[in-house]
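Right, one structure below, let's go through it.
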Amino acid sequence: MSILEVKNVGKRFGGLQALSKVNLSVKENTVHAIIGPNGAGKSTLLNCLVGKLMPDSGSVMFDGQSVLGRAPYEINQMGISRVFQTPEIFGDLTVLENMMIPCFAKRDGAFTLNALPGVQKQKDILQKAEQMLEEMRMSDKRHMHAAALSRGDKRRLEIGMCLSQDPRLLLLDEPTAGMARADTNNTIDLLKEISDQRDITIAIIEHDMHVVFSLANRITVLAQGTPLVEDDPENIRGNPKVREAYLGETA
Amino acid sequence: MFGLNTKDTKSLFIVAFLVVVAPFILNPFPAASAMAQFNAGYPDLMQKFVIFGIFAIGFNILFGLTGYLSFGHAAFLGIGSYSCVWMFKLLGYNVIPGIVLSVIISGIFALAIGFVSLRRSGIYFSILTLAFAQMSFALAYSVLSNPKFNLTNGETGLQVYANDPQWFHRDSLPDLPHLFGLSMRATHKLEIGAWEFQLNAGYYLCALMMLVCFYLAIRIFRSPFGLMLRAVKSNQQRMNYTGLNTRPYTLAAFVISGMYAGLAGGLLSAVDPLAGAERMQWTASGEVVLMTILGGAGTLIGPVLGAGFIKYFENIFSKINDHVLHSWFAFLPDGLEDFVVFLIHPFIGKGWHLTLGILFMLVVIFLPGGLVEGGQRLGKWLHRRKAKDTPSAKTEPAE
């Protein structure tokens with residue numbers, strides 16, 4: 001069963017055809033990687049999926065419903081969570097508060113005027129947030145300001161915030177960009193653990209081939225705004241077209 | 001208590017205590033002494049303290065939590081004032097309908113202005129609110145005051161005239177704003193030794209309102225709604241991608257703070273039944289921004305402190321004149337006395353804005369967290385000194 005169906009998506013920025021005739025089908029409970037050289041249109045494609053950009057043509061269906069024309073918050077409420085290239089967290093708030101916000105969004109929807117009862121009285125939210133922090137092994141940092149966390153911890157927190165909403169599809173935009181090797185490996189382990197233990201589909205955009213080949217069960221190669229090939233990792237590694245377009249002779 | 005944690009209950013009680021005893025602690029100098037001009041415990045000024053405290057508390061809900069800097073909040077203050085005086089004109093001098101209407105009307109205006117202004121953020125939002133406030137000022141000052149349709153009475157200011165309907169007015173009631181017969185000007189003078197204390201009905205009504213407002217603000221700060229507002233300030237992008245729609249959150253904050261401002265405006269009219277357009281001018285909007293930042297934006301108590309601080313200096317510094325200065329420095333030789341007075345002259349009387357500007361600069365540069373941060377630093381310093389003293393006291397006998 002495919003959970004995300006992208007059909008014939010095209011996007012043009014002035015004279016640049018960023019995406020053309022992109023077809024992509026992400027199967028449920030897989031880790032699907034989208035790779036490609038710089039300027040291949042990976043990020044544009046991702047932005048079309050989450051409501052940041054509106055494609056000029058084509059359709060994007062999530063679980064049988066179109067996501068086009070919806071605001072990012074509506075698409076999130078449908079069950080798609082996004083992790084950014086540089087961690088987007090609430091820097092001024094504590095780690096625990098960061099974790100509570102997605103829990104509130106999940107429970108109360110896009111807007112609720114819940115102005116009188118105290119946050120501390122919301123036992124179910126607190127419990128959920130604490131449990132998620134435990135799972136991310138960040139409980140000891142719960143009262144720290146999120147801005148003071150290390151890069152790796154910010155990434156963990158952001159992933160934890162997304163997971164606390166129990167999304168059906170998790171989109172990751174170069175989750176290990178700019179990370180040290182140790183942090184990269186930790187993130188790989190975390191993502192593996194998530195995909196093994198949870199009923200979740202992961203779509204990941206990544207530069208680092210080490211990350212891609214240790215995680216993905218399916219890979220789409222994008223080049224010049226259009227998919228070159230979609231296949232299993234073993235076949236991608238040996239595919240001469242991919243080598244030529246992207247991996248180069250060293251791969 | 002009241003659904004608050006211990007720390008918040010404590011600060012609520014401290015504020016309540018200070019507000020109740022304000023007529024005494026603000027009058028530390030005997031009435032006849034030379035220092036009496038520094039006394040702030042007279043009804044007019046104390047009413048201003050608490051009313052502008054309400055204004056700043058409300059402003060802080062918007063600015064302190066969401067970071068949206070409105071530069072047009074005085075519009076709601078003015079709208080509240082006009083609404084309240086209209087109730088006096090139509091129904092009679094009881095303050096309750098006036099106060100209720102001022103909150104409702106300013107809430108409606110805040111909804112409309114906020115709906116448009118909140119489409120933008122940052123400087124554009126500030127400019128939009130400023131534009132709306134200046135439009136409101138122009139409407140009140142001239143457009144809505146013509147012989148055919150006189151809603152605001154223009155330059156003169158809206159006030160109650162003898163031929164107004166005042167449907168519920170009876171002769172037994174005071175001919176001034178009152179609360180079910182208790183005149184807002186009713187003042188009980190208490191003379192203890194050389195001191196004179198004034199307990200004023202209008203002040204205590206405003207003070208009660210301020211306590212209610214302060215309590216509600218604490219509840220909002222500690223609620224999931226307050227958490228969302230702080231999240232708006234921190235990262236709107238993350239909010240949108242977390243399934244939260246930021247627009248209604250900011251609009252709700254804007255309307256709530258507009259209603260606070262409307263209440264403050266209504267109370268201004270309740271203690272002095274005259275509403276003028278100058279209340280809506282941009283300087284008045286700027287003043288509440290100063291109060292909030294000076295006291296400490298985003299803190300609970302800061303805006304109240306800032307409001308008190310600015311209103312105190314406005315009233316006390318502007319009362320000092322050259323004559324007073326000469327009497328202070330009379331002990332200096334003549335030439336020197338004149339020179340010192342010449343130096344200080346620009347900072348007093350009408351020049352008190354200069355003093356305020358310098359104080360504001362000093363606070364923003366050295367205490368970015370406002371007076372509250374100053375207090376915290378002082379507390380920490382005292383704490384450290386105490387901590388240093390204790391071990392040394394222990395080690396000394398051992399020697």
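Per chain, numbering begins at 1; letters A, B, ... match sequence-line order.
The backbone N or O of B:R238 lies less than 3.5 Å from no partner atom in the side chain of A:E88, so there is not a single donor-acceptor pair. Between the side chain of A:Q165 and the backbone N or O of B:T242, at least one donor-acceptor pair lies under 3.5 Å. No donor-acceptor pair under 3.5 Å is formed between the side chain of B:R222 and the backbone N or O of A:G118. The backbone N or O of A:L116 lies less than 3.5 Å from a partner atom in the side chain of B:R219, making a donor-acceptor pair. A distance-only check finds no donor-acceptor pair linking the side chain of B:Y249 to the backbone of A:L113 [under 3.5 Å].
Heavy-atom distances place the side chain of B:A252, and not its backbone, under 4.5 Å from chain A. For A:I80, no part sits under 4.5 Å from any heavy atom of chain B, backbone or side chain. No part of A:M78 comes within reach of chain B, as not one of its non-hydrogen atoms sits under 4.5 angstrom from that chain.
Here the OG atom belonging to B:S223 is positioned 11.5 Å from the NZ atom belonging to A:K121, to the nearest 0.5 angstrom. Between B:M228 atom CE and A:N114 atom CG the span is 8.5 Å, to the nearest 0.5 Å. Between B:R230 atom CZ and A:D92 atom CG the span is 9.0 Å, to the nearest 0.5 Å. To the nearest 0.5 Å, the span separating NZ on A:K106 from CG on B:L244 amounts to 12.5 Å.
Between B:Q237 and A:K52, some side-chain heavy-atom pair lies under the 4.5 Å cut-off. A:I101 has its side chain within reach of B:L227: a pair of non-hydrogen atoms, C-beta onward, lies under 4.5 Å apart. Taking 4.5 Å as the limit, some side-chain heavy atom of B:M239 sits within range of a side-chain heavy atom of A:F90.
For A:E193, the CD atom sits in a packed shell: over 12 heavy atoms of surrounding residues, nucleotides or ligands are nearer than 6.0 Å. The local environment of CD1 in B:I123 is sparse, with at most 12 non-hydrogen atoms from other residues, nucleotides or ligands closer than 6.0 Å. The neighbour count for A:D199 CG, taken as heavy atoms of other residues, nucleotides or ligands under 6.0 Å away, does not exceed 12. The environment of CZ in A:R151 is crowded: more than 12 heavy-atom neighbours from other residues, nucleotides or ligands sit within 6.0 Å. For CZ of A:F13, the number of neighbouring non-hydrogen atoms (other residues, nucleotides, ligands) closer than 6.0 Å is greater than 12.
Among the candidates A:G51, A:A105, A:C162, the residue making the largest number of heavy-atom pairs closer than 4.5 Å to chain B is A:A105. Most heavy-atom pairs under 4.5 Å with chain B: of the set A:L93, A:V50, A:N76, this distinction falls to A:N76. For the set A:A71, A:P102, A:A115, the entry with the most heavy-atom pairs within less than 4.5 Å of chain B is A:A115. The greatest number of non-hydrogen atom pairs below 4.5 Å with chain B, out of A:F111, A:F84, A:F104, is found for A:F111.
When all heavy atoms of B:P224 and A:V119 are compared, the closest pair comes out as N-CG2, 3.4 Å. A:G91 approaches B:S234 most closely through the heavy-atom pair N-OG, 3.1 Å.
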